[in-house]
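Inspection log for the structure reproduced underneath, given as structure tokens.
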Amino acid sequence: RAARTSRTAMVMAASAPRTHVGVTSPGRVSLTRRGVRATSVLGSCHGSSGASRGAIQVSLRTNNEHHERTKHVVRSSDDTGGNYSTFKANEVSHDHGRNEAVIQPSPVDPGCPFDWWKDAVVYQIFPDRFALDPNGPALAGAKLDAWGSAPQIRSFQGGSLRGITANLDYIQSLGVNTLYLTPVFLSTANHRYHPSDFMKVDPLLGGEDAMRELVDACHARGMRFILDGVFNHTGRGHWAFTSLLDAQEQSPYVDWFLPKEFPVRAYDVARHDVNYECWWDLPDLPKLNFRNEGVREHVLEVAAYWVKEFGIDGWRLDYPIEIYPKFWREFRDVVRKENKAAVTIGELFGVRPDDVGEDGHFDSLMNYAFGTCAVGFVGGGVALRQDDAIGGDYQITPVDADGFRKNYGDVCFAYQSKHKPGPSSNPGGRNNLGTGSAHPAMLMNLFDSHDTARALWMLRGDASALKLLTLMQQCVPGPPMMYQGTEVGQTGALGLEGSGRDPHNRQAFPWHSRDSWNQDILNHTKKMGVLRNGSLALRRGGLRWRDVFERQSEKDDTELLVNDPKLIVWERFFDRPGDGPNALCVFHADTTDGTETLFVETGFGPEVAVKTLFASNDETIIVGKTTDSRGRVAVKMGAQSGLVVGPA
């Protein structure tokens with residue numbers, strides 16, 4: 001859970017992610033055989049004996065009903081499983097003094113195998129809803145909904161991998177250099193979190209050939225490719241589970257799952273009457289038993305297979321907290337054996353420095369904590385929608401500038417304080433893998449995804465607030481991630497007044513209605529890509545807050561410290577002269593008024609020529625061409641504007 005906050009998790013029961021019905025598909029019997037059983041002895045439930053269970057109160061919401069129940073998330077605490085970290089306010093809270101670095105620099109390091117990840121600009125794609133195959137449906141005769149029709153829980157619209165390949169020019173025009181795809185496994189669900197076979201590409205997406213073409217095309221362009229993996233459960237159509245349904249106690253795979261009694265019933269059974277362990281009590285998502293050696297070896301085989309056979313550059317791992325941490329370290333080792341530059345990214349909410357880095361279980365995580373802070377700041381002046389926006393692990397509350405500095409500063413301190421840079425294998429360099437936690441520059445920053453309402457929906461359609469939000473995302477350490485369609489102003493299939501959740505946040509990308517694209521947001525997004533890719537400081541520099549002053553008059557240079565609740569300034573800096581030029585980032589979230597002339601500390605030094613790297617509008621300008629004798633630059637800020645300044 002996020003630090004300092006106790007929450008009730010909210011999930012949509014009727015429209016929740018991964019709730020789609022599966023059907024039986026042909027089983028694979030040529031894979032790992034360890035851990036299969038020929039008797040009816042049940043495997044123990046991971047976490048049941050010798051493990052702790054954390055009870056989380058969950059509010060299950062549908063459009064017309066409200067239920068309460070207790071959900072148990074297993075966190076293994078035995079000597080083989082390890083622990084996931086949890087943090088309290090006093091463990092992560094830190095008041096940063098003036099000019100104190102919130103984040104230390106993370107300069108380019110050739111000795112770090114996946115140093116590239118810190119420079120990634122990530123675009124998340126939901127394959128069924130991004131683009132059709134230009135040569136026609138990937139699978140002839142398939143029943144598909146019309147492209148752009150109202151998204152449904154279970155139906156498909158026919159997006160394909162070749163459709164993505166055909167639009168790589170467009171994707172790169174956004175400044176993107178890394179694709180992150182939700183799962184492509186053979187599945188009975190349009191989001192493919194109901195895998196029937198972890199080793200097959202769904203034919204509806206074009207199959208294995210289309211997958212290789214896409215990854216190869218990305219690599220030919222200098223792009224990287226991250227694949228989503230969901231391994232804490234399968235779909236009901238998975239070959240091992242169909243064996244269990246057919247053979248019951250006599251199935252060789254009986255211990256791969258967690259039946260409570262026999263016969264196991266997977267269809268025509270009420271949700272809370274299911275007699276086997278399943279993910280969030282959803283019958284179509286039977287949980288895998290990771291106490292079983294065969295399950296572990298099979299998933300490790302899958303981890304290596306996609307890196308070796310398709311050349312993917314890393315895994316995003318779905319809700320990994322339900323599998324004990326030691327396994328994920330083994331998973332990472334297997335991935336690195338195939339490609340030492342590949343990354344693993346955990347979908348972990350809250351602040352979890354002990355779970356990432358060389359001493360943790362993952363290389364990176366989905367840093368929703370950034371979204372919590374940044375959306376809360378840019379949305380402070382617009383009535384943020386929260387009623388149906390996101391799950392309980394990602395909450396957004398309006399904050400002013402002091403609130404942002406405090407909250408985001410605590411997030412950064414949690415990771416930075418536990419990160420210890422180590423010596424590089426490159427003579428004279430620094431291996432920023434180090435020890436302890438991951439450097440904050442390794443965390444993937446996002447504010448929405450296929451699992452949340454869209455940011456523009458949360459901001460009630462305020463495009464200026466969204467543009468300021470994306471600018472802030474480019475100006476903090478860590479790869480920025482954008483969900484497909486955000487760049488053209490998609491708000492969700494039901495618009496601003498309807499529900500923002502799944503399935504409505506998963507509408508088709510509007511190739512079919514280009515006149516609906518918000519060109520202002522699109523042009524801004526392209527500028528953000530140029531800004532991020534063109535500034536080493538924004539990708540690798542440290543971060544420290546900077547003060548702002550105002551003068552009583554042109555004749556009286558007496559300065560007063562400005563404490564504007566809508567104004568935040570930070571510097572991205574290097575501590576070694578040869579690492580690169582610094583950058584100053586200024587954000588003004590007031591929705592109606594601009595500022596008078598302000599004098600902003602830069603850290604550049606006195607009488608240094610400066611230039612504008614980015615300005616939101618004509619009212620946002622640098623006044624003068626150099627810093628003054630105190631190293632400050634004079635600026636004016638328009639309403640809902642941002643400014644990035646660098647040495648000329």
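For Gln172 against Arg221, the heavy-atom pair with the smallest separation is OE1-NH1, 2.7 Å. Considering every non-hydrogen atom in both Asn518 and Ala463, the closest pair reads ND2-CB, 4.2 Å. In terms of heavy atoms, Ala634 sits closest to Thr597 at CB-CG2, 4.0 Å. When every heavy atom of Leu538 is checked against every heavy atom of Ala583, the shortest pair comes out as CD2-CB, 4.2 Å. What you find for Val102 and Cys412 is that their closest heavy atoms are CG1-CB, 3.6 Å. Closest heavy-atom contact between Thr620 and Ala615: O-CB, 3.5 Å.
At least one donor-acceptor pair closer than 3.5 Å links the side chain of Thr344 to the backbone N or O of Asp363. Judged purely by atom type and a 3.5 angstrom limit, Asp410 has no side-chain atom pairing as donor or acceptor with the backbone of Asn407. Under a 3.5 Å cut-off, the side chain of Trp511 and the backbone N or O of Phe130 do form a donor-acceptor pair. With hydrogens and angles ignored, the 3.5 Å screen pairs no side-chain donor or acceptor of Gln104 with any backbone N or O of Asp575. Side-chain N or O atoms of Trp117 include none that pairs as donor or acceptor with a backbone N or O of Ser364 at under 3.5 Å. Side-chain atoms of Gln124 do not come within 3.5 Å of backbone N or O of Met481 as any donor-acceptor pair. At least one donor-acceptor pair under 3.5 Å links the side chain of Arg572 to the backbone N or O of Gly541. Side chain of Thr491 to backbone of Leu456: no donor-acceptor contact under 3.5 angstrom is found. Distance alone, capped at 3.5 Å, is enough to place a donor-acceptor pair between the Ser417 side chain and the Phe413 backbone. In terms of modelled atom types and a separation under 3.5 Å, the side chain of Asn582 and the main chain of Phe574 share a donor-acceptor contact.
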Original post:
Should Ile345 and Tyr180 be marked as a side chain to side chain contact (heavy atoms under 4.5 Å, CB included) after you check the CA-CA gap, both sets of side-chain angles, and the distance that decides it?
Top reply: CA-CA 11 Å; Ile345 307 149; Tyr180 149 40; over 6 Å; no

Subject >> side chain to side chain contact (heavy atoms under 4.5 Å, CB included) between Val633 and Phe599, intermediate numbers included >> reply: CA-CA 5 Å; Val633 64; Phe599 297 87; over 6 Å; no

Subject >> Residue pair Ser437, Val356: steps toward the side chain to side chain contact (heavy atoms under 4.5 Å, CB included) verdict >> reply: CA-CA 6 Å; Ser437 184; Val356 291; 3.8 Å; yes

**OP:** Please report the C-alpha distance between Phe362 and Arg352 in whole Å, then the side-chain angles of each, then the deciding distance to 0.1 Å, and finally whether the side chain to side chain contact (heavy atoms under 4.5 Å, CB included) criterion is met.
**Re:** CA-CA 11 Å; Phe362 309 102; Arg352 297 185 176 275; over 6 Å; no

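You'll find the side chain of Val548 stays beyond 4.5 Å of the side chain of Val635, heavy atoms only. Asp579 places none of its side-chain heavy atoms less than 4.5 Å from the side chain of Leu536. Between Met472 and Tyr408, every side-chain heavy-atom pair lies at or beyond the 4.5 Å cut-off. Using a 4.5 Å cut-off on side-chain heavy atoms (C-beta onward), Gln507 and Arg129 make no contact. Looking at heavy atoms from C-beta onward, Glu347 lies in side-chain contact with Arg316 at the 4.5 angstrom threshold. The side-chain heavy atoms of Leu365 and Phe349, taken from C-beta on, include no pair separated by under 4.5 Å. In this structure, the side chains of Val608 and Thr602 stay at 4.5 Å or more apart for every pair of heavy atoms. At a threshold of 4.5 Å between non-hydrogen side-chain atoms, the residues Asp564 and His588 count as touching.
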Output a table of donor-acceptor pairs, distance under 3.5 Å, between side-chain atoms of residues 440-448 and any protein atom two or more places apart or on a different chain; print 'none' if there are none.
from: Asn445; atom 1: OD1; to: Asn367; atom 2: ND2; distance (Å): 2.9
from: Asn445; atom 1: ND2; to: Pro477; atom 2: O; distance (Å): 2.8
from: Asn445; atom 1: ND2; to: Gly478; atom 2: O; distance (Å): 3.4
from: Asp448; atom 1: OD2; to: Ala455; atom 2: N; distance (Å): 2.8

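Separation of atoms OG (Ser616) and NZ (Lys527) is listed at 9.0 Å; rounding is to 0.5 Å. How far CD of Gln490 is from CZ of Arg454: 4.5 Å, rounded to the nearest 0.5 Å. Here CD1 of Ile164 is found 7.0 Å from CG of Leu179. Values are rounded to the nearest 0.5 Å. With values rounded to the nearest 0.5 angstrom, Thr470 atom OG1 is found 8.0 Å from Leu468 atom CG. How far CG of Asn505 is from OG1 of Thr486: 10.0 Å, rounded to the nearest 0.5 Å. Atom CG of Leu214 sits about 6.0 Å away from atom CG of Leu168, to the nearest 0.5 Å.
In this view, Glu487 and Tyr123, Tyr170 satisfy the side chain to side chain donor-acceptor pair (under 3.5 Å) rule, not counting sequence neighbours. Partners of Asp628 according to the side chain to side chain donor-acceptor pair (under 3.5 Å) rule, which considers only residues two or more places apart in sequence or in another chain, are Arg551. By the side chain to side chain donor-acceptor pair (under 3.5 Å) test, Asp402 pairs with Arg405, sequence neighbours left out.
Of the candidates Asp590, Val378, Thr595, Thr591, Asp590 is the only one forming a side chain to side chain contact (heavy atoms under 4.5 Å, CB included) with Lys566.
Between Asp115 and Arg540, at least one side-chain nitrogen of the basic residue sits less than 4.0 Å from a carboxylate oxygen of the acidic one, meeting the salt-bridge criterion. Taking 4.0 Å as the cut-off between side-chain N and carboxylate O, Asp520 and Lys467 count as a salt-bridged pair. Remark: Lys406 does not engage Asp400 in a salt bridge, criterion side-chain N to carboxylate O under 4.0 Å.
Below 30°, between 30° and 60°, or above 60°: for Phe587 and Trp570 the angle between ring planes is between 30° and 60°, a tilted geometry.
Counting only residues at least two apart or on different chains, the salt bridge (Lys or Arg N to Asp or Glu O under 4.0 Å) pairs with a member in residues 598-624 are Arg98-Glu601, Arg546-Glu601. For residues 603-641, the set of pairs meeting the ring pair (Phe, Tyr, Trp, His ring centres under 6.0 Å) definition, not counting sequence neighbours, comprises His524-Phe614.
The ring of Trp517 has its center closer than 6.0 angstrom to the ring center of Phe509.
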